Each structure stands twice: as C-alpha cells, then as structure tokens.
Number of protein chains: 2
Amino acid sequence: MSLREIANHAKVSTATVSRVINGIPTVNRNLAKRVWKAVGERGYSANSQARCVVSGKSRLFGLVISDMRDPFFPEIVQSFEAAAIEFGCETLVTSTLHDPKRMELSVRRMVERRIEGAAVLTFGSEEVIIENLRAQEIAAVFVDVEPRRSKAGVVQIDYKRGTRHAVQHLAALRHERIGYVGGPAHSKTALAKRSAFEECMHEISLDVSSELMVAGDDTVEGGMRALTLFARLQDRPTAIVCSTDMAAVGVMKRAHELGMAVPQELSVIGFDDIPLAGFVTPPLTTVIVPKAELARLAFRALICELNPARDEIYQPQKYLLNTDLVLRRSTALACLRRSGLTDLQSLVSNSHTGETVT
Amino acid sequence: MSLREIANHAKVSTATVSRVINGIPTVNRNLAKRVWKAVGERGYSANSQARCVVSGKSRLFGLVISDMRDPFFPEIVQSFEAAAIEFGCETLVTSTLHDPKRMELSVRRMVERRIEGAAVLTFGSEEVIIENLRAQEIAAVFVDVEPRRSKAGVVQIDYKRGTRHAVQHLAALRHERIGYVGGPAHSKTALAKRSAFEECMHEISLDVSSELMVAGDDTVEGGMRALTLFARLQDRPTAIVCSTDMAAVGVMKRAHELGMAVPQELSVIGFDDIPLAGFVTPPLTTVIVPKAELARLAFRALICELNPARDEIYQPQKYLLNTDLVLRRSTALACLRRSGLTDLQSLVSNSHTGETVT
DNA sequence: CTGTTAGCGCTTTCAC
DNA sequence: GTGAAAGCGCTAACAG
C-alpha cells in the first residue's frame, strides 16, 4: 500500500502518482484516471508521516488546556478540532492538570511530533508551558496571558464588558451590597476578572469593601466556602458576582443548604456560561464567553502567526473576544432589608423573564 | 536540528547518535556523554514522524467518541490520553456528532496519520465507523457493540448489575410503580440498558407495563418530555429510572416545574454518574460507570489486540466493566398514595444519608 | 563497539 | 507532461 505499489499497478512513475494525489493539474487526464482507479481498488491512503518528513510541515497543532473535565473546555476542544479539520490539520490535545511535570512532558511530546504551533488555554499556571514553548521557538497563541516574544499571538477575553452588564443588571435591581467570589490569588486571569469587577463597581459609585471580596478557587466547593464566609457577615451582601459558573453553583448550593432563597434573598451571577449553568435550580444568570468563537479565533490566530504578512515588521497579533450577559433566573430585585422593610418583601418576584440577551 | 547535525558536533556517526538517543546500552560511555552534551546544547529533539516512517509504528491511537460536550466523555478522554502517555503513545480524538460524513472523514484522517488502533465509544451509530475501520483492517476496541471480526476487542459495561442495585433500592423503598426513561430506540446501548431494567424488574416480580416505558433521547429535554408523559397518566409512577443522568436531570427539572417534589413525591435514579449529577438539586442517585477504568481498559485492550499472544488462535477479547449504585438524595420512601394515605405522608424524609456506595 | 550504507514512503528538482 | 533520481530524518543491517 505504498506509492510505488500504486505506480506499478497504474503503469506510471511514483512522481506521477504523487502529482495526481496532490491534485497537480498538469497531469494527463488518462493517466490520472488510471491512478485514481488503482488507488480506489487498492484502498490506498497517503502516509502523512512520510509526507511530513519531506515537506517539513506536520499539519499538526497542539491544544494545551488545564483540565478536560472542566466544563469550560469540551466545547473549545470540539471547535478547535473543527477549525483545524477545515485546514486539513490535526489536533493534539493535552491537559496540564496544573502540574509542571506534565506541562514539560506535554511540550516535549508535541515537539517530538513536530507540531507547527500551539494554543495555550490554561488560565493561570502557564509559566512552564510558555518557557518550554519559547525555548523551542514554537508558534503559539495564548489566551489571556501576554508573553512578550515573537511568534506568539494573544486572544484576550473582554472581561470588562460582560462584568459591566452583570454589575449594572444587579444595580438596576437595587442591589448595593454586592459580593465577589474570585479565582485563585496567583492567577492572572482571576486578577483580570477581579479588576474588571472593581472598575465596573467604581464606574457607578458602588462600594467594594474588602470584606465582600473573597478569593475562591473556581470550584463548587470554593463557592460554598465563600458563601459560608458571606453568611457570617453582620451586613450580608444581597447579590454575589462569581468569577466562574462553578463557583456560582457552589454559592447557590450552600445558599440552599442555609435556607437562603435564590434569587429572592440572594442574587447570584456566574461567569463562563458552561452548560451546567442552564441546568441548576434556579438556572444561572451568567456572563457568556463565546467558546466556539474563542477556539476558532485561537486557531486562526495560530495560522496567522505561521504565515506572517510579508513586508511588515513582526508584531504579535492581539485579539479581543466579546462577552455578554445571559439573563436566567438567579437574580431578582434586592430584598431591601437594609431599608427597614420586612422579609416579606423578598417574595417580590423576579423582574425579568429569563430571555437570552446575546 | 537533525541527527546528522548532532553527529557532526559530537564527532560520531549518525548511527551512534541514534543508538544513544534510543538508549541502546552497547555504546561507549564517553561517546554517549558527548552525544548527550551535543543534544543538550543544541536542544535536539527526535523527529517522531521520521521514526514512524522507518519503524512502521506510529505510536498513535484514535479515540472516537460521539460528542466531546457530552459530560460522559471528558474524563474518558483524559484517562485514555493518560494511559496512552504511559506507553509513549499519542491520542487523536475525534467526535462523530452522529454524522456519517464526519465519521468517514474521521477514519480517513486517522488512517492517513497511520494510527495503530482505535477505540470507538459512540454508543449507538457506529456502523459507518465500524465499516470504514474494518475496510482498513485497523485494530479496534469497541465499547458495547460487538463487531464480529478479527483485531477487534470489546469492552462491555455491566448494565445489569448497576440497574439491579437501582431497581432493588427502589423496591426497598416500597416503590412498585417504577417508570423507565430509555434512550433512542435505534441505539443498541439503549436497548441493552432497557433489557437490563426489564430483567431486573422481573427478577423481583415487579410490573413493567408499557405505559411506564418511554423512549427518550438521553438529553435534558428528552427527560422533561418523558416526565410530562408520565404526569398525564391516571396512575403515575412513584419512581423513575433513567438510562442517562442527562435524562434524569430533565425529569427532575420538569418535576420541579410541575410542583412534584423530588424525592418526596417522586424518586429518580440516573445512569452514568456524570459530574453534573452531584450538583443538581437534589443530588442525583445514579449508577456509576467507572469512566477512568473504562478508558484504561479500552486502551490496554487495544494494546493486546496489537500484540496477540503467540501460539493461540485469535479470538477477540472481551472485557466486562463493573457498575455500581451511588446513593444521593433523589430517592426516598414511596409516598404510598395508592394505599389510600394522604399526601402528607409524602413528607416522610429520605431514609438514607447520601453516603457513596462504591 | 562503531561507522557505512541501504531504505522507509514520500516530494521535488531536473532532464527528456 | 512524465520519469529518473536525489533526499527528508531516521533506523537497522552489516562490516570492520
């Protein structure tokens, strides 16, 4: 099942078979027909490994994520793969699990397979990856982090915009004491989201007292712990913005355990819009990160890094990904306890209908 | 950055470099040291593509799933990749999305990359995959389906065992009218699960009237539709077994909308134990399918197909994967409305504590 | 133990 | 337009 075999059976040279297979138009119609016939009969399929050796292009791309099991990623992986397929490329996915050893191994494996470039979506703990990728001078696209080097684009997510919608939505519902559950302190992504929140609060002159800012870890358990903290406060928040949906789910779960009704007594907003967000009770109002678009953008950016526009001094490309709020049922009018009204006020029904604003 | 370059710098032949890189022990210590030094200085990394061409082994495996976004798969993908890494192999993942066109393309792509074998986990709609894989005589391991051909192992999931636990658990809670929400009618997996349910019911002489058997589609929406049907019944079931957690989530969601309390008025059991199952309200009692083990098993089975024991006539290997029930909070004592007791009885609290039986 | 050499399956000049 | 031949980076005989 090699080129040679097909050549023999079609009574042509290997060069001709190669040309036919690759659709080079300067081949005699008859010869081409004979070749295709032989290919069909023998069930021949080109060996891309061999092709890669001679062409020097592997048509292979790496996709580095932190954890497949994080519901944020599956759609991204799917869409990245789809984008790659469109370009006739294959994807090598790997999870770092935040483990430096694994990261190093991942990069080494990808380098040995001669990937042409890699997209890195680890959301905080990518130092080792960046280091190794740079050492090998592999084209890369990072999400969120901005590594100053050549052949490295960056896709940034517009945390500000979505967060602003979230904060203003809460303000419109008369919330003033708004708590924030952030991600791990060391993560740049978490920092960026938190800054966005603070700025959006300042924009409309709302307080961000430090007792209302807690650092979580983007897990359900972290969200639960965060709400436990808030619940102990003298003056509790009436609404909570979370840096991830997982944290928001945890917040809601703990609220349920403590008998705090969401959204009547506590409004909750998440971030990411993972599928789970639509299934919890009540369905979670959250900030959409367009994951399919993110993946497509990352792949295209990679392609662009690889084929830089001629006649221009290289400059790492930068992309900004839009975000938006989707209204579901986890937010409602503030219960206004602080204004001296009784808890009965908390029965005020949700003011909106759960339509999607996208 | 080729072997030759390293050879020049270390003043040895390419053969020696190759031997050193591959850890062949019959090499002079000094030469080896020189080679490793050059390798380190130049940052050399072997080109596996070239290796594959000469060795004929790609160390690449395919993993065919139906949809990355189905929460059943991420852990499997992760664990399969981990198993492959242990063997120094790489994984090419692809989603069929139940689309024959995509399946054919997937197989073709994998064949061109010269995968050594593939694991197929599409749970019903694998005909095209099987056909294409067989045509190329690629070693394969299937989950659930049993394609009679050589070089094809099969991993079966013990649906019976987990389902029996589920049914008997419900029976112990005095449930007698138990509904079943199955998967798509055309799916072999769905059929196997359904048969398991029916047999388990018969084992303990419980009725499976046809009005209590509905075919869903393993989605939340399907589960919702199923409960709508059940709710219309004169004599409603007091408990429902679902063929997947997603369906169970839908059942619970619709129950919530209809004001039926789970578990007080309706007990629900799922299947798969996807992460979501632990996060819904109430947490879902479900049948565990050990996904990490499934992935490891599938990979090892693949390896075994590739290195068949000598001196034995080939026989496709068959593996059985255990299942078990995990008790959470979606089941409770039957409300016994049929016995003439009032609805107040439905407030009887859940009889167990949510411990995990694994 | 080491180097020379052939060749894996393919693409790509370069003559014809 | 087509084929002969060189060569991609590597491994594996084989000779020494």
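Small disclaimer: the values here were computed from a predicted structure and weren't measured.
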ask   = What is the distance, rounded to the nearest whole Å, between atom CG of B:Asn22 and atom C1' of D:dG9?
value = 13 Å
message = Less than 4.5 Å apart, side chain to side chain, heavy atoms only: is that true for B:Asp67 and B:Phe72?
response = no
ask   = Does some side-chain heavy atom of B:Arg19 sit less than 4.5 Å from a side-chain heavy atom of B:Leu31?
value = no
Distance-only donor-acceptor hits, side chain of residues 289-302 of chain B, under 3.5 Å, sequence neighbours excluded:
residue  : atom : partner  : partner atom : Å
B:Lys291 : NZ   : B:Asp272 : O            : 2.6
B:Lys291 : NZ   : B:Asp273 : O            : 3.0
B:Lys291 : NZ   : B:Val289 : O            : 3.0

query = How close or far is atom C1' of D:dC10 from atom CE of B:Met1, stated in whole angstroms?
reply = 15 Å
ask   = Would you say A:Met103 and A:Thr122 make side-chain contact, with heavy atoms under 4.5 Å?
value = no
Closest nucleotide among D:dT2, C:dC10, C:dT2 to the A:Leu3 side chain = C:dC10
query = For B:Arg113 and C:dC10, what is the distance between atoms CZ and P respectively, to the nearest whole Å?
reply = 14 Å
query = Knowing that exactly one of B:Val17, B:Val12, B:Val20 qualifies, which makes a side chain to side chain contact (heavy atoms under 4.5 Å, CB included) with B:Val27?
reply = B:Val20
query = For B:Ile21 and D:dT11, what is the distance between atoms CD1 and P respectively, to the nearest whole Å?
reply = 8 Å
task = Mind listing the residues from residues 29-58 of chain A sitting with a heavy atom below 4.0 Å of DNA chain D? Number order is fine.
result = A:Leu31, A:Val53, A:Val54
ask   = Is there a side-chain contact between B:Lys151 and B:Glu137 (heavy atoms, below 4.5 Å)?
value = no
inquiry  = Both B:Ala15 and B:Pro25 contact DNA chain C. Taking the nearest nucleotide for each, which residue is further toward the 5' end?
reply    = B:Pro25
query = At under 4.0 Å, does any side-chain N or O of B:Thr16 touch on OP1 or OP2 of C:dT2?
reply = no
task = Quickly work out the B:Asn8 CG to C:dT2 P distance and round it to whole Å.
result = 17 Å
inquiry  = I'd like to know if B:Arg19 reaches the base of C:dG3 with its side chain, counting only an N/O donor and acceptor under 3.5 Å.
reply    = yes
request  = Let me know the distance between CZ of A:Arg59 and P of C:dC10, rounded to the nearest Å.
outcome  = 17 Å
remark   = Quick note, side-chain hydrogen bond (donor to acceptor under 3.5 Å, both in side chains) partners involving residues 84-93 of chain B, not counting sequence neighbours, are A:Arg109-B:Glu90
ask   = Rounded to whole angstroms, how far apart are CD1 on B:Ile24 and P on C:dC1?
value = 13 Å
request  = Take the protein atom CZ of A:Arg4 and the nucleotide atom C1' of C:dC8, then report the distance between them rounded to whole Å.
outcome  = 10 Å
Candidates D:dA5, D:dC10, C:dT4 - which lies nearest the side chain of A:Arg114 = D:dC10
